[in-house]
Protein chains: 2
Amino acid sequence: MTTIETTNALRLLQAADEFCAGLGGEFSAVHGISVNEFLMLLHLDRAASNRLPRVDLGKRMHVSASTITRMAAPMEKTGLLAKESDARDARLSFVVITQTGKQKLSEVFATFEKRAQYLFDDRCSTEELEQLSALLRRIAPKALGTLTA
Amino acid sequence: MTTIETTNALRLLQAADEFCAGLGGEFSAVHGISVNEFLMLLHLDRAASNRLPRVDLGKRMHVSASTITRMAAPMEKTGLLAKESDARDARLSFVVITQTGKQKLSEVFATFEKRAQYLFDDRCSTEELEQLSALLRRIAPKALGTLTA
DNA sequence: GCAAAAAACTTGCATACGCAAGCATTATGA
DNA sequence: TCATAATGCTTGCGTATGCAAGTTTTTTGC
């Protein structure tokens with residue numbers, strides 16, 4: 001006998017995995033970007049001053065600090081991101097999203113929205129969408145990194 | 001202006017990611033297994049005759065066939081899985097979950113259930129859990145690989 | 001004020017994964 | 001029937017990622 005909580009957790013994982021797989025394919029083909037790179041741009045765009053210390057960014061994305069270092073490097077080369085330092089604390093190295101990065105993000109975000117639309121299209125009423133929104137809100141990240149305010 | 005569908009998709013990704021991160025940590029520490037290995041055992045346990053062709057298994061898990069080959073190999077060595085061939089089609093190579101694998105799965109599944117319980121605990125009423133279940137059911141994988149019947 | 005601990009970041013190494021190529025087997029169609 | 005295509009699987013190679021160690025800078029405790 002499995003509980004309703006278990007069933008929901010399994011469905012949550014499978015639904016996200018399925019959506020993510022389709023998303024990754026289109027992102028890669030159309031925009032030449034990965035889902036994680038998209039999420040990185042999004043986190044930075046939502047952050048105060050459009051920037052975050054590398055450690056913070058890693059925590060929000062559930063990846064290690066070294067991954068941030070290595071993911072950001074090529075994106076700095078292509079001008080999507082920039083690096084900034086803190087006058088008060090020389091250890092900190094901020095990752096900043098540039099105007100170019102914001103432009104790119106808006107393009108990729110359009111694809112995301114299209115996919116999101118398709119995910120729920122003809123499957124949920126407006127009322128159900130609101131219900132789902134409220135429920136997911138409760139089990140999403142609590143303190144840091146909430147992408148949906 | 002972002003739509004409710006977009007918000008829901010973002011929350012879905014973040015909630016799953018958060019849950020998955022915590023799960024992976026405990027699975028690794030307590031059971032010495034990855035989330036994907038757990039899902040592999042689960043898919044096989046749910047499948048007819050407790051076995052699946054490697055290609056099918058890959059599609060259900062959203063990973064490539066080569067990943068299945070490489071993931072299954074060590075699990076065959078440790079006796080969690082076994083290999084079977086088809087008399088009719090010599091190309092097929094089934095992955096089968098053994099009794100040992102089922103035993104392991106039940107242990108890991110207990111941890112999964114505990115985490116699932118904690119995820120929703122004190123956050124959702126029984127009625128809301130049922131609502132969520134119905135909504136997630138609609139956006140979960142359609143044809144193959146539904147882990148939740 | 002200083003030594004020790006902590007924090008932020010980077011780099012070396014090991015692992016996990018996808019893609020493309022290759023092999024073996026089966027299905028297709030003329 | 002037989003050549004061609006398709007399918008299932010594995011392997012080589014490149015990329016992505018985590019962990020642990022090392023460096024630099026800041027904080028803490030005495």
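Throughout, a chain's letter reflects where its sequence line sits, starting with A, and its residues are numbered from 1.
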Would you say [X] places a side-chain N or O within less than 4.0 Å of OP1 or OP2 belonging to [N]?
X: A:R54; N: C:dT10; result: yes
X: B:T67; N: C:dA16; result: no
X: A:S64; N: D:dT17; result: no

Let me know the distance between [atom1] of [X] and [atom2] of [N], rounded to the nearest Å.
X: B:R60; N: D:dG8; atom1: CZ; atom2: P; result: 13 Å
X: B:L52; N: D:dC9; atom1: CG; atom2: P; result: 10 Å
X: B:R70; N: D:dG14; atom1: CZ; atom2: P; result: 13 Å
X: A:L39; N: D:dA16; atom1: CG; atom2: C1'; result: 15 Å
X: A:K59; N: D:dG18; atom1: NZ; atom2: C1'; result: 16 Å
X: A:L57; N: C:dA8; atom1: CG; atom2: P; result: 13 Å
X: B:L92; N: D:dG8; atom1: CG; atom2: P; result: 7 Å
X: B:H62; N: C:dG18; atom1: NE2; atom2: P; result: 11 Å

Worksheet item: Which nucleotide, D:dT17, C:dT11, D:dT10, lies nearest any side-chain atom of B:T69?
Response: D:dT10
Fill in: Which nucleotide in D:dG18, C:dA8, D:dT11 has an atom nearest any side-chain atom of A:V55
C:dA8
Worksheet item: Across the strands shown, which category fits B:A65 at heavy-atom distances under 4.0 angstrom: base, sugar-phosphate, nothing?
Response: base
Practice prompt. Please answer whether the main-chain N or O of B:I33 pairs with a side-chain N or O of B:S28 as donor and acceptor at a distance below 3.5 Å.
Written response: no
Discussion item. Given 3.5 Å as the limit, does a donor-acceptor pair link the side chain of A:R11 with the main chain of B:L136, or not?
Written reply: no
Presence of donor-acceptor pair under 3.5 Å, side chain of [X] and base of [N]:
X: B:R88; N: D:dG8; result: no
X: B:S66; N: C:dC19; result: yes
X: A:R91; N: D:dT24; result: no

Worksheet item: More 5' along DNA chain D: A:I68 or A:D89, using each one's nearest nucleotide?
Response: A:I68
Worksheet item: Which one of B:K104, B:R51, B:K102 satisfies the salt bridge (charged side-chain N to carboxylate O under 4.0 Å, His left out) criterion with B:D45?
Response: B:K102
Fill in: Heavy atoms from other residues, nucleotides or ligands near CD of A:Q117 exceed 12 (cutoff 6.0 Å)
yes
Worksheet item: B:F112 vs B:F109 aromatic rings, parallel, tilted or perpendicular, using cut-offs 30° and 60°?
Response: parallel
